[in-house]
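Please read the structure below before turning to the comments.
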Amino acid sequence: MGRICADLDGDIVDYNLIQKVLFTEDEIGSRVKELGGEIAAYYKENYGEKEISIVMILKGGFIFLADLIRSIDHPLTVDFMAISSYESGSKDTGIVRLTMDLTSSIKGKNVLVVEDIIDTGLTLGYIVKVLGEKGPNSIQICTLLDRIKNRIADLPVRFRGFEIDSYFVVGYGLDFRQRWRNLPFICTLKEEAFALEE
Ligand code: IMP
Ligand code: MG
C-alpha cells in the first residue's frame, strides 16, 4: 500500500478498502498519450484535416476524455450522451433509455465514441446503433479498458487502452455506486467495500 499512500493526502479510511492498483497514474498517463497519438494519426491518414466528432457516454469516461483530447493533435468537437439502464431486461438486450441526447448533429461527421470500459458490449452496441441512425460518415470506438472475455455484442473497437480480466475496477472516473471516481489510479476493491451501505 506504500506506493498508493505516498500519492494521497486525503481520507485514509477509504484507501484501506483498496485491494490492488492495476494501473498507476503514470501508466495510465503514458497509455492515454499513446492513444491520442494513434487517434490523430488514424484520422489524419483517413480523413485529412476533417474534424473528429467525439461522443462520450456519461459519466464514467469523463476523466479519460479530459486527458485523451489533450493528447489528440487534430481538430475535434466534444458532445455528450447520457443513458440510464432499464431496471430489468436491459442486461440481455443492451437497450437503455437515453436521458440526454447530443446537442449538435453528427450527420456526415466522423464520430469517435469514447468509453471508460466495455464489458459485454451490449450498452455500447445499442448506442452505436442509435448513433448510426443519425447518419454519420463513420463511427469508431475508443475505450480505456476492455474486458474482451465478457464480450457478447460484436463491437469493432479500434482504439483500446488496456485489456482487463473479470474483476470489477474503480478509479480514474470509474465508480462503484457513484464513489471512487476521484482516485488517480485504477484499482480493485476489497470485499468490504461492496458490502458498505449506499
Ligand atoms: P456492458 O454493456 O456490459 O459493456 O457494460 C459497460 C458499462 O458497465 C460501462 O460503461 C460501465 O459503466 C459499467 N462497468 C462495467 N464494468 C465495470 C467496472 O469494472 N467498474 C465500473 N463500471 C463498470
Ligand atoms: Mg460507461
Side-chain angles (χ1 to χ4, degrees), residues 3-5 7-11 14-15 17-39 52-72 76-85 94 96 98-100 102-103 111-128 131 140-148 150-151 155 157-190 193-194 196 198:
R3 182 167 60 140
I4 302 166
C5 293
D7 284 345
L8 307 171
D9 52 10
D11 188 344
D14 277 357
Y15 290 103
L17 293 172
I18 290 166
Q19 185 179 57
K20 186 165 191 263
V21 175
L22 299 177
F23 304 107
T24 65
E25 193 173 357
D26 283 352
E27 284 165 347
I28 298 168
S30 8
R31 187 68 190 112
V32 170
K33 280 207 175 66
E34 282 173 7
L35 274 178
E38 286 172 32
I39 290 168
I52 311 169
S53 298
I54 293 190
V55 170
M56 202 207 78
I57 320 303
L58 292 166
K59 319 179 205 175
F62 76 104
I63 294 180
F64 174 44
L65 178 81
D67 285 342
L68 181 69
I69 60 171
R70 284 177 286 179
S71 299
I72 301 177
L76 59 82
T77 61
V78 175
D79 207 344
F80 301 95
M81 269 174 127
I83 53 165
S84 93
S85 304
V96 290
L98 273 190
T99 54
M100 190 180 103
L102 300 176
T103 54
V111 173
L112 178 66
V113 184
V114 172
E115 258 287 28
D116 50 354
I117 180 165
I118 306 177
D119 189 59
T120 62
L122 289 170
T123 316
L124 194 54
Y126 177 74
I127 286 172
V128 165
L131 291 173
Q140 299 298 348
I141 297 169
C142 172
T143 188
L144 177 63
L145 303 176
D146 199 348
R147 209 179 268 126
I148 298 176
N150 287 11
R151 192 63 39 80
L155 278 181
V157 177
R158 182 162 296 268
F159 307 101
R160 171 184 294 122
F162 304 101
E163 186 181 339
I164 65 161
D165 233 309
S166 295
Y167 28 71
F168 192 86
V169 293
V170 296
Y172 196 69
L174 289 129
D175 73 305
F176 169 64
R177 290 195 186 144
Q178 302 304 325
R179 308 228 160 75
W180 308 97
R181 293 191 197 275
N182 55 328
L183 296 175
F185 44 78
I186 293 172
C187 63
T188 55
L189 296 174
K190 293 182 186 165
F194 299 106
L196 291 180
E198 278 181 62

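No experiment lies behind these values; they were computed from the predicted model shown.
Once rounded to the nearest 0.5 Å, the distance linking OH of Y172 with CD of E25 reads 9.0 Å. The distance from atom CH2 of W180 to atom CG of L174, rounded to the nearest 0.5 Å, is 13.5 Å. Atom CG of residue L145 and atom CD1 of residue I164 lie 5.0 Å apart, to the nearest 0.5 angstrom. To the nearest 0.5 Å, atoms CG (L58) and CE (M81) are separated by 10.5 Å. Atom CG of residue D67 and atom CG of residue L35 lie 11.5 Å apart, to the nearest 0.5 angstrom. Separating the NZ atom in K20 from the OH atom in Y167 is a distance of 7.0 Å, to the nearest 0.5 Å.
A 4.5 Å side-chain heavy-atom check between I54 and I72 finds at least one atom pair inside the cut-off. A heavy-atom distance below 4.5 Å is found between the side chains of L112 and F159. Between L124 and T143 there is no side-chain heavy-atom pair separated by less than 4.5 Å. L131 is listed as a side-chain neighbour of L102, based on a closest heavy-atom distance under 4.5 Å. No side-chain heavy atom of L17 sits less than 4.5 Å from a side-chain heavy atom of F176.
In terms of heavy-atom proximity, S30 sits nearest to D26 at OG-O, 2.8 Å. Of all heavy-atom pairs between S166 and N150, the closest is OG-OD1, 3.9 Å. Heavy-atom minimum distance, L155 versus G125: CD2-CA, 3.8 Å. Of all the heavy atoms in M56 and V114, the pair that sits closest is CG-O, 3.4 Å. Taking both residues in full, the closest heavy atoms of I83 and T99 are given as N-OG1, 3.6 Å, listed atom of the first, atom of the second, then distance. Minimum heavy-atom separation, P184 to I28: O-CD1, 3.9 Å.
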Checking F62 against R181 for the side-chain contact (heavy atoms from CB on, under 4.5 Å) test, could you report, in this order, the C-alpha distance in whole Å, the side-chain angles of both residues, the deciding distance, and whether it holds? CA-CA 10 Å; F62 76 104; R181 293 191 197 275; 3.9 Å; yes
So F23 and L144, side-chain contact (heavy atoms from CB on, under 4.5 Å) or not? Walk me through it. CA-CA 11 Å; F23 304 107; L144 177 63; over 6 Å; no
Would E38 and R158 count as a side-chain contact (heavy atoms from CB on, under 4.5 Å) here? Give the steps. CA-CA 10 Å; E38 286 172 32; R158 182 162 296 268; over 6 Å; no
Before giving the answer on side-chain contact (heavy atoms from CB on, under 4.5 Å), spell out for L68 and I39 the whole-Å C-alpha distance, their side-chain angles and the decisive distance to 0.1 Å. CA-CA 10 Å; L68 181 69; I39 290 168; 4.0 Å; yes
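Side-chain atoms of R147 come within 3.5 Å of backbone N or O of D165 as a donor-acceptor pair. One N or O on the side chain of D79 and one on the backbone of T103 form a donor-acceptor pair closer than 3.5 Å. Proximity of a side-chain donor or acceptor of R31 to a complementary backbone N or O of R160 within less than 3.5 Å is detected.
Exactly one residue among T77, V111, V128, I127 makes a side chain to side chain contact (heavy atoms under 4.5 Å, CB included) with V55. That residue is V111.
Ring pair F194/F168 is perpendicular by interplanar angle, where above 60° counts as perpendicular and below 30° as parallel.
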